There are 2 protein chains.
Amino acid sequence: MPASFYNHPKQLVAVDCIIFGYENEKLKLLLSHRGFQPAKGEWSLMGGWVHDDETVEEAAERVLFQITGLKDIYLEQVQVFSNPGRDPGGRVISVIFYAMIRIDIHDKNLLNQNGARWWTFSEKPELVFDHNQMVKKAHEKLKLKASYTLIGEKLLPEKFTILQLRTLYEAIFQRQFDPGNFRKKILSLRMLEKLDHKNKTDSKKGAFYYRVKKHNEKFINERIVKQ
Amino acid sequence: MPASFYNHPKQLVAVDCIIFGYENEKLKLLLSHRGFQPAKGEWSLMGGWVHDDETVEEAAERVLFQITGLKDIYLEQVQVFSNPGRDPGGRVISVIFYAMIRIDIHDKNLLNQNGARWWTFSEKPELVFDHNQMVKKAHEKLKLKASYTLIGEKLLPEKFTILQLRTLYEAIFQRQFDPGNFRKKILSLRMLEKLDHKNKTDSKKGAFYYRVKKHNEKFINERIVKQ
DNA sequence: ACAAAAGTGTTTCGGCTACACCCATGC
DNA sequence: GCATGGGTGTAGCCGAAACACTTTTGT
């Protein structure tokens, strides 16, 4: 093969992020009000172009920093969407990520500047182009992740009660978990550390706070909850 | 944002395929002898550029057809690799797929023309660039797939015995499965159809052939084997 | 007769589920 | 006292694993 092997038409490559958050017992999605054509004024995922000198992960981190002011956000690749007609504005290959944000610590002022807004997952609007499909895929992947990993730390405040964790899981899986069984299962993983004070807002008795143990990168090969 | 929103540097986008096959009780990998610089003469995955008018899936199908003469190959997206320095020949964003091929029906003559060769998975050579990592990720994804789907039809001949299916699973997972329990588990899925004749090459008694039932696209939500 | 795979049956074990039940406390 | 969530205990069910055992047939 000739030296011109690398002379080939190039493509516009973008990243789009499904940004999950959790607030008031609801799973939420951070969406952007599209300020340009095509589909101006409609809602879409947060996205941006991939630059020459960065990975797609770095591009996604850049987009997230711009929107939320946060670094070190948990990111996972979902899938590539590449239908030539998927974006009416031109041929764009888009790499999809999902992210998990702690709503309690991000910079809410930046959101307004960026025309962004949190939506409750179950009440989200129709999105532009193929973004609805992307959200669906990301949600499936989030469920898979949550069923094999304790994702509390990524969406909840530093310290949380078992009730809060369970309510998060119920929001993600859109079903109920038995309180006693959920508690036993989570504690059996030995990944949580019990703190010495209680949350008294959710019950009369008060529930102990827990936090995720440090240095606990150990991979769980065990299923936490069923799909 | 201006109309120049879509005026942005473009990227070279490639697909690379991890092509799994199965022959002589061994999991195999189809690799390509690289005929151009850089890394000329070394082994690599099968790849190709993504054209303007096709999806990344179509690009992968095109590459696979070129190499094997087969259409309708099972393909699954694995991940995007996009480190700017990953390919010394230039900045290439690569979308990785794995494929499953029935070695018994593909065109072996095409392989030689393309400098390709089947390697036993456990004896595969060092690959160029980040292709070793890609294979690792693809193998993990294949295991995940095989643990939730009956993948016999995709790698074995049309009809096969339970022993052959078990040996395939043992090759993929690199561990043993109890013959009795494996048989019961597989048959309990009710996805196989027993044929009326036997394979007599593997045993004196002979084992009935089975094939995957038609119209059996029903999704399995049940785990077939543990990781 | 024996070896070796095919195929079936049985026992055990552990985890998940579905509860029941007590505890603590604000109202 | 009672309602509410916190937290613990337990019986039963079901599937996975381990393995015994019978069948078949080529050598």
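What you see below is based on every heavy atom in this structure, not just the backbone, and it leaves out hydrogens, waters and symmetry mates. As the structure is a computational prediction, the values presented were derived from the model and not from experiment.
Taking atom OH on Y210(A) and atom C1' on dG7(D), their separation rounds to 9 Å, with Å as the unit. Atom CZ in F160(B) sits about 17 Å away from atom C1' in dA6(C), given to the nearest Å. Here dC16(C) presents its P atom at 4 Å from NZ of K185(A), a figure rounded to the nearest Å. Residue Q164(A) contributes atom CD, which lies 13 Å from atom C1' of dG6(D) at whole-angstrom precision. Here dG5(D) presents its P atom at 15 Å from CZ of R183(A), a figure rounded to the nearest Å. In this structure, I162(B) atom CD1 and dA4(C) atom P are separated by 22 Å, rounded to whole Å. Across the protein-nucleic acid pair, N199(B) atom CG and dA5(C) atom P stand 13 Å apart, rounded to whole Å. Counting to the nearest Å, the C1' atom of dT8(D) and the CG atom of L187(A) are 12 Å from each other.
Checked for salt-bridge contact, E158(B) and R211(B) miss the test: no charged N lies under 4.0 Å from a carboxylate O. Salt-bridge formation is detected for the pair R166(B)/E170(B): a Lys NZ or Arg NE/NH1/NH2 atom is positioned less than 4.0 Å from an Asp or Glu carboxylate oxygen.
Aromatic rings from H197(B) and F208(B) are positioned such that their centres are separated by 6.0 Å or more. You'll find the ring centres of H139(A) and F121(A) inside the 6.0 Å limit.
The environment of K26(A) atom NZ is sparse: at most 12 non-hydrogen atoms of other residues, nucleotides or ligands sit within 6.0 angstrom.
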Checklist entry - Between H131(B) and D16(B), does a side chain to side chain contact (heavy atoms under 4.5 Å, CB included) hold up when you go through it step by step? => result CA-CA 9 Å; H131(B) 288 201; D16(B) 284 301; 4.1 Å; yes
Identify each atom pair where a protein N or O and an N or O of nucleotides 22-27 of chain D are less than 3.5 Å apart, giving names and distance.
| residue | atom | partner | partner atom | Å |
| --- | --- | --- | --- | --- |
| dT23(D) | O2 | K205(B) | NZ | 3.1 |

Distances under 3.5 Å between nitrogen or oxygen atoms of protein and nucleotides 9-13 of chain D:
| residue | atom | partner | partner atom | Å |
| --- | --- | --- | --- | --- |
| dG9(D) | O6 | K184(A) | NZ | 3.0 |
| dT10(D) | O4 | K184(A) | NZ | 2.9 |

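The only member of W118(B), W119(B), F129(B) that meets ring pair (Phe, Tyr, Trp, His ring centres under 6.0 Å) when paired with W43(B) is W119(B).
Between E25(B) and Q164(B), the side chains place no donor N or O within less than 3.5 Å of an acceptor N or O (distance only, hydrogens not considered).
Listed here is the closest heavy atom pair of E153(A) and F160(A): N-CE2, 4.3 Å.
Using a 4.0 Å heavy-atom criterion, one finds that L163(B) contacts the sugar-phosphate atoms exclusively.
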